[in-house]
Number of protein chains: 2
Amino acid sequence: MSAHQPKARGSRAEAKPALLDISPLTDLLSFHMRMLVLAVNRAYDEAFAPTPLAGGTGKLTTLMLIAANPGMSQSDIGRVLSKDRPAMVRIIDHLEAEKLVLRKRHPEERRRYELVLTAQGRASVKRFMAIAQTYDETFFAPLSDREKTNLSRILRKLRLAYQSDTLGMGG
Amino acid sequence: MSAHQPKARGSRAEAKPALLDISPLTDLLSFHMRMLVLAVNRAYDEAFAPTPLAGGTGKLTTLMLIAANPGMSQSDIGRVLSKDRPAMVRIIDHLEAEKLVLRKRHPEERRRYELVLTAQGRASVKRFMAIAQTYDETFFAPLSDREKTNLSRILRKLRLAYQSDTLGMGG
DNA sequence: TATTGTTATACTCTATAACTATA
DNA sequence: TATAGTTATAGAGTATAACAATA
């Protein structure tokens, strides 16, 4: 959070091809978070490669939202996930092609769809959520329980500060 | 970290267009981190829009690395930032076009470049680092000092677990 | 044979505008 | 006029393969 460490030249650190000073970067919390998300996304890609939810986390999170809140519209989901309407069209197209999600016309509000899981979607989502939980727990396994609780509380506080939107409950 | 909250129907929560249950997502630390990085990237775009480092953080981080470690090669930087060689070519092309960075041929190892700042680059990098620090501090301002220290320590622990590469020191 | 930088290609994600149909 | 969904387009990020120059 402050003063960069000196380059430690001359010490016993002269083994490898000259160590790099990355402290200007690691002093920034935002840099830390970005690098970690890169790694966590790689872990996601590995865990979900053999599933129809490969290639970006948007398909999984959309499916989980529909499972927990049947009847959501595409725009509703976009607001939660910070995705615009064109992005949601593509995701729902994919999930529909995979026969996991169904677009039902809203009876009164005929502009929007009510998104619901198909029977296959309901059956699959349990498996997907188990994969998600395993990959998430595995990734954060290097942390102690106390650190995980702290991290969760801190991230939640930041989320509420920047996303206090219409969202809702949970977390 | 566990048990989803019930939908709390019937309580005083029936005001807005029916609250959404996002707890399946917020139970995942990885989801929290991804959403926060989305927000932090938006903050970056705003802060650096009027500079030649707009459009992605790679240009700033590359510049800061060269400033702290003159003579780095493109591949060196790519290893630190988890970017492949084609990505680094594009970034250095941009920084060179902006007259911030210079490709110098390495005298002995004539395959690689020694990347150094131009006079203009050295003058600008101080300003850019000040902008970076301000935007970073502003973004994490909702946290107490203790929380920031905790977050930094936790993120560092995870980084070391997943990126124990050849990196170096600092942080 | 391996490595640095380069080019080309492709696929994803993101952002914007414009169109339709509904309200 | 405003909103939900759609389409088209362009930009940035990422991943791959292949190439030239060098080691």
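The structure presented is a predicted model; accordingly, all values stated were derived computationally and were not measured.
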Using a strict threshold of under 4.0 Å (side-chain N to carboxylate O), is an ion pair present between A:Asp145 and A:Lys148? yes
Proximal nucleotide (of C:dT14, C:dT4, D:dT6) relative to the B:Leu38 side chain: C:dT14
Side chains of residues 81-91 of chain A: which donor-acceptor pairs under 3.5 Å do they make with residues two or more places apart or in other chains?
from: A:Asp84; atom 1: OD1; to: A:Ala87; atom 2: N; distance (Å): 3.1

Taking 4.0 Å as the cut-off, does a side-chain nitrogen or oxygen of A:Ser75 come that near to OP1 or OP2 on D:dT3? no
Round to a whole Å and report the spacing from CE of A:Met88 to C1' of D:dT3. 16 Å
Atom-pair distance (CZ on A:Arg90; P on D:dT9), nearest Å: 16 Å
OP1 or OP2 of D:dT6 sitting under 4.0 Å from any side-chain N/O of A:Tyr113? yes
Base contacts versus sugar-phosphate-only contacts with protein, heavy atoms under 4.0 Å: please encode nucleotides 16-23 of chain C as B, S and - from 5' to 3'. BB---BBS
Rounded to whole angstrom units, what separation is found between the CG atom of B:Leu81 and the P atom of D:dA15? 13 Å
Among C:dG5, C:dT14, D:dA4, the nucleotide that comes nearest once only the side chain of B:Gln74 is considered: C:dG5
Winner on side-chain proximity to B:Val89, out of D:dA15, C:dG5, D:dT6, is C:dG5
Taking NZ from B:Lys83 and P from C:dG5, how many angstroms apart are they, rounded to a whole number? 16 Å
Could you state the CD1-C1' distance from B:Ile92 to C:dT7, rounded to the nearest angstrom? 17 Å
